Every structure is written in C-alpha cells, then in structure tokens.
Amino acid sequence: MAVVSQPLPLATSPALRLTDSHGRVIHDLRVSITDNCNYKCVYCRTGEHGAQYPELAIEDYFRLIRLFVGLGITKVRLTGGEPLLRRGVVDLVQQLARLRTVFNEPLDLALTTNGHLLDSLAQPLKSAGLNRVTVSMDAVDAPTFERITRVPGSFEKVLAGIRAARETGLTPIKINCVLLRGFNDDQIEGFARFAREEDVVVRFIEFMPLEEGRLWTPEIVVPLKEIVARISRVLPLMELAPHEASETARRYGFADGAGEIGIIAPVTQAFCGACSRVRLTSDGKIRTCLFSQTDHDLYGRMRAGESDAELRAFIAQTIQGKEARHHIGEPGFLKPSRSMVHIGG
C-alpha cells in the first residue's frame, strides 16, 4: 500500500452526520479485518474452525472506512478475529492516521487484540498513528488463562504485549475480561489488583449469547452488581462519571484514587438507547447491531462498481434501519447468524 504523505481531508458537511431513525448519532465504526484467530477461547470458539468468511484487501478496507469517515465517523477500532494476524495492519493504521474527520480532526484510532503478537508490534503500530489498544484477557493466573485460550504459554505472551504497549504509549490500555460463572469468576478480585499493579483499566464484560457453541444461559452471566460488591469487599470502589453518553462501560475508581474498573453489562443493564456504533465485518458487510439478523453487503456494491456517492447513500440508508435495541432474555429472542469472532468485537 502506498504511503500517503499528507492528511486526507473529507469534504462532507458535519450537518450530514450519520443518524439512525431513533435519533442516535453514529460516530463509532468497528472494522474486523479478519475472522481468523490464533486462540480458541472456550467462551468464543468451538476450536474446530478457523476463518469462515473471506477477507478483503487492505486497500478495500481503507476505501470503505474512508466512506464512513466522510459521513461523520470519528472513531475507528480495528478488530478481528485477531487483527494482528493480518499482513498490512500497520500500513492500514498509517493510512487511517492521515484521514481527517468532518470536523477536520484526526481520527480516534484504536485496536482490539488478544495481545499474543503485541510485544513486537506495539512500537510499529504506535509509530504508524495508533492511539491505544484494548487487550482481551480472561484470567490473571497462567493455568486458568491457558485453559481458556487452549494455547500453551499464552499468558506470558499477553503480559509481555501489555507491558510493551504501555512502554510505547498506547494508553490508556484497557483489558477486557469476559466472565463466566463457575469458570473464571474467581478471577474478579485478582483483576482488581492487576488493574492497579499494571496501570491498566480492567473492564469486565457480561457473557453474551454470541459464542460458536451456543451454550449461553442466563445462569452463566455474572451481573454488574455482583462484580462491584465482590471487589468492594477487598478494595472499596466509587462510581465515576462517564466520559460520554454513549460509553458502554460503567466506570468505577478505587477509593484511594489508584486504578480504574469498568463493567460492560449488556445483559443486565442494556445501553442500547445511547448506542453510537456500527460494524463492518471482514467480508465487507455492515452490521448495525451485534444481534442483527441481517448483513448489508457494502463490499458487494463496491465490487459491482458503485460510485462513492452511491455507497455513501447505501450506508446512510442502512444506518436508518438500525435496531432500537437487542432482545436478550425476552421470549422469541434469536441469536445472530454469526458468532462474535465472525462479527468483530
């Protein structure tokens, strides 16, 4: 991919920002650049399959992302699968860092990774223009962690990646932990200490029905109130104000001021009313919600030769149909056609 030496301005008016039919402004784009992964986390994958959907060329992801940015997207997060497996990911970050939003500001560029390859890629990503990383990490002791990932030696690799990211300034580093009752919920207090010791923001995520094995039940979910109560017994917490209305995590600080915990509670305390996100899958489909039953084929239209103006109109029309909310726990709830690893985190 050719390196662009100057910022790329976008001529779209701020008045034309993406807004859905429920009045929500959509400014956060999550782009999966692969559904391949080098881990087989038991809450996510059956362990029997690798990539199931085709990947686009890095140049195609860039063109599609640029269309969204021209419509008002201000934050882009690269995801997978495991995005650091994709050749060209550093080049893509460099290209995106040259873009400007409709407000003539740099994009807010982030990446979610399992951290296994981060120790060697942290500095190249930072130099290319990445702002920060989120690392998926579901235990703070090596045996439990490796039982989850099913990859020997993975704990030390991820720990090294987190520390490399901190040293290169990809901060604040967020650590995402998906909790499953009876499986890794004994890690809660240890993660609270880890947040303070490693200077990271640990975010616990309620387990959602998005795994390949389709084993989700409400009883597996560890709810927000329980997490807060357990941590507070050993390290007192106090609730913090959100950074913005559409923030997904409820924020908590420790009473002595050192460290932060976040809890993302889509099951017990859904935040759909302030949702600002849209997703692009690795094969170029728009998904307006994690639990959408329909994909919208943006790449197919691009491949068929539609102009940028036509593609932008398709994006805007698709966003208008964004769902009001998910229906987890309600009668008739249907799990999405793709699991999380095939949607993008």
Side-chain angles (χ1 to χ4, degrees), residues 30 33-34 37-44 77-86 89-90 93 108-180 184-205 227 231 235 243 248-249 251-254 258-264 340-341 344-345:
R30 303 201 160 205
I33 57 175
T34 181
C37 189
N38 46 356
Y39 284 0
K40 302 173 183 178
C41 296
V42 295
Y43 66 85
C44 179
R77 177 175 293 275
L78 302 179
T79 74
E82 174 45 49
L84 298 188
L85 291 175
R86 272 305 304 267
V89 62
V90 174
V93 169
D108 181 3
L109 289 176
L111 181 143
T112 297
T113 172
N114 62 27
H116 195 86
L117 302 174
L118 188 56
D119 57 342
S120 61
L121 285 171
Q123 186 59 64
L125 287 166
K126 177 66 176 179
S127 298
L130 191 70
N131 299 126
R132 63 189 180 281
V133 293
T134 296
V135 178
S136 299
M137 185 181 186
D138 299 307
V140 286
D141 69 79
T144 303
F145 187 84
E146 292 168 17
R147 177 163 57 94
I148 292 171
T149 64
R150 295 184 278 198
V151 175
S154 53
F155 180 79
E156 292 301 327
K157 284 287 292 180
V158 172
L159 189 58
I162 291 169
R163 291 171 175 172
R166 186 177 63 232
E167 290 169 6
T168 56
L170 289 170
T171 54
I173 298 170
K174 294 178 180 177
I175 307 297
N176 281 354
C177 171
V178 176
L179 288 174
L180 284 74
N184 69 336
D185 57 322
D186 62 343
Q187 302 287 303
I188 292 173
E189 294 83 355
F191 263 116
R193 290 185 284 269
F194 185 84
R196 294 157 66 87
E197 293 165 1
E198 296 292 335
D199 191 22
V200 296
V201 178
V202 170
R203 302 194 306 179
F204 297 104
I205 303 175
I227 297 168
I231 293 175
L235 291 165
H243 291 299
T248 58
R251 300 174 59 228
Y252 297 86
F254 295 99
E260 183 179 326
I261 293 292
I263 304 175
I264 301 174
M340 187 69 164
V341 73

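These figures come from a predicted structure and were not determined experimentally.
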Q) Among side-chain atoms of R77 and T134, is any donor-acceptor pair under 3.5 angstrom? A)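 Looking only at side-chain atoms, T134 and R77 do form a donor-acceptor pair, the distance falling under 3.5 Å.
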Going by atom types alone, do T34 and E82 pair a side-chain donor with an acceptor below 3.5 Å?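 Their side chains do not contain a donor-acceptor pair, so the 3.5 Å distance test is not met.
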Query - Taking every non-hydrogen atom, the tightest pair across F155 and A139 - result: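 Nearest pair, atom of F155 first, then A139: CE1-O, 3.8 Å.
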Pair D108 + R132: basic N to acidic O under 4.0 Å: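 Result for this pair is yes, salt bridge flagged.
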Review point. Rounded to the nearest 0.5 Å, how far apart are CG of L170 and OG1 of T113?
Key: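 Rounded to the nearest 0.5 Å, the CG-OG1 separation comes to 11.0 Å.
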For this session: Just do the side-chain contact (heavy atoms from CB on, under 4.5 Å) check on E167 and Q123 with the steps written out, would you?
Result: CA-CA 9 Å; E167 290 169 6; Q123 186 59 64; over 6 Å; no
Has [X] got a side-chain atom pairing as donor or acceptor with [Y]'s backbone, closer than 3.5 angstrom?
| X | Y | value |
| --- | --- | --- |
| K126 | G169 | yes |
| R196 | G259 | no |
| N131 | A110 | no |
| D119 | K157 | no |

Q.
Here's a test for you: under side-chain hydrogen bond (donor to acceptor under 3.5 Å, both in side chains), which of T149, N176, N38, D138 qualifies with N114?
A.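 It is N38, the one option of T149, N176, N38, D138 that forms the side-chain hydrogen bond (donor to acceptor under 3.5 Å, both in side chains) with N114.
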* Would you please name every residue forming a side-chain contact (heavy atoms from CB on, under 4.5 Å) with D199, sequence neighbours left out? =>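 Per chain and number, D199 pairs via side-chain contact (heavy atoms from CB on, under 4.5 Å) with R166.
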- Taking only residues two or more places apart in sequence or in another chain, which ones pass side-chain contact (heavy atoms from CB on, under 4.5 Å) with D141?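 With sequence neighbours excluded, D141 shows a side-chain contact (heavy atoms from CB on, under 4.5 Å) to P143, T144, Q187, given in chain and number order.
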### Message
Walk me through whether L118 and I162 qualify under side-chain contact (heavy atoms from CB on, under 4.5 Å).
### Response
CA-CA 7 Å; L118 188 56; I162 291 169; 5.5 Å; no
